[in-house]
Amino acid sequence: NFGLFNSGALLLALASAFADAILDAYPDLGQKDASPETPRVLFGPAYKGIPLVAGTAMRLAEHGHNLPFCFNRKEAKDHGEGGTLVGAPLAGRVAILDDVISAGTSVRESVEIIRAHGATPSAVVIALDRMERGTGSLSAVQEVGQTYGIPVLAVATLKDLIAFLHDSPALAAKPSASIYRHPGFLAFISARLMAVFATQIQAVVVAWQVYDLTRDPLALAYVGLAQFLPMLCLLLPAGDLIDRFNRKAILASSWAVGAL
């Protein structure tokens, strides 16, 4: 959610990550003798790309890589400098900066704008590759790279995010997260799933056995009522009991009675 990067410090950190990703891919960025594949201009599509491209250009300049940048307006301006573009002219090879790629609409519009001004799109840089499937067998990011023949660089991928959260001490300290790593809880969940599965099978078998013996739909309904009625009657009292007494003891007693 790009909207959560809503402070100077957060935007600075994101722009720094973009700058690092671009420099990792193009270490000769901004140099006179840079390779032909290296972008010469940064472009940020409105609206999310505007703070991204401005912040990234500033961070690159701080690292000695001074690169012109440009962004577009959604509507053309009919006074002043006019037009839909703001910033440096689009020329040469241009890198597009955006937050994510979903349907690829923003990238397609950016490519059209860049080509309309005689420049060449050379790369797309995004904050997060969500690794979501596109319209075919490829991911949305792979489809963009294949369609336009340009590399797509991601600051982070969904796999990176999952790995970070898995190793996060802050997340591990939360009971809601740490409980899923507890062997006892995993054993309970596994046993519970098997017990519920067996109970449902038993309910179906008993009901159809009664119907097979009686051929009476009303008898089948009575079986369902008998299975449901205890839960309906004990639901509220059980809620009061678990708030008053030891839940572990109540759970053990309930399973013991059920076993009998």
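Since the model is a prediction, treat every value here as computed from it, not as a measurement. Start at 1 with the first residue, then count along the sequence. No hydrogens, no waters, no symmetry mates; every other heavy atom, side chains included, goes into these values.
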Whether [X] side chain and [Y] backbone form a donor-acceptor pair below 3.5 Å:
X: D20; Y: A17; result: no
X: T38; Y: A34; result: no
X: R93; Y: P36; result: yes
X: E143; Y: T135; result: yes
X: R133; Y: G136; result: yes

Beyond-backbone contact of [X] with [Y], side-chain heavy atoms, under 4.5 angstrom:
X: Y211; Y: V223; result: no
X: L29; Y: P39; result: yes
X: V152; Y: I126; result: yes
X: S16; Y: R59; result: yes
X: K74; Y: Y47; result: yes

Could you state the interatomic distance from [atom1] ([X]) to [atom2] ([Y]), rounded to the nearest 0.5 Å?
X: Q146; Y: S139; atom1: CD; atom2: OG; result: 10.0 Å
X: L85; Y: I113; atom1: CG; atom2: CD1; result: 6.5 Å
X: Q202; Y: T199; atom1: CD; atom2: OG1; result: 6.5 Å
X: D160; Y: T157; atom1: CG; atom2: OG1; result: 3.5 Å
X: Y148; Y: I114; atom1: OH; atom2: CD1; result: 10.5 Å
X: N246; Y: K248; atom1: CG; atom2: NZ; result: 8.0 Å

Of L97, V111, V124, N72, the residue whose pairing with F43 passes side-chain contact (heavy atoms from CB on, under 4.5 Å)
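Exactly one pass, corresponding to N72.
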Minimum heavy-atom separation for [X] and [Y], please, with both atom names.
X: P68; Y: A88; result: CB-CB, 3.4 Å
X: T56; Y: F18; result: OG1-CB, 3.3 Å
X: S35; Y: R40; result: O-NH1, 2.7 Å

Mind checking whether F71 and F69 have parallel, tilted or perpendicular rings, split at 30° and 60°?
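It falls in the parallel class, under 30°.
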Report yes or no: do [X] and [Y] belong to one cluster of Ile/Leu/Val/Met/Phe/Trp/Tyr joined by side chain heavy-atom distances under 4.5 Å?
X: M58; Y: I50; value: no
X: L138; Y: V141; value: no
X: L128; Y: I96; value: no
X: L251; Y: V257; value: no
X: L23; Y: L67; value: yes

Between S122 and E37, do the side chains contain an N or O donor and an N or O acceptor separated by less than 3.5 Å?
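The answer is no; no qualifying pair exists.
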Looking only at side chains, do S106 and D98 share a donor and an acceptor under 3.5 Å apart?
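Present: a donor and an acceptor within the cut-off.
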Got a salt bridge between E75 and R73, using NZ or NE/NH1/NH2 to carboxylate O under 4.0 Å?
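No salt bridge links E75 with R73.
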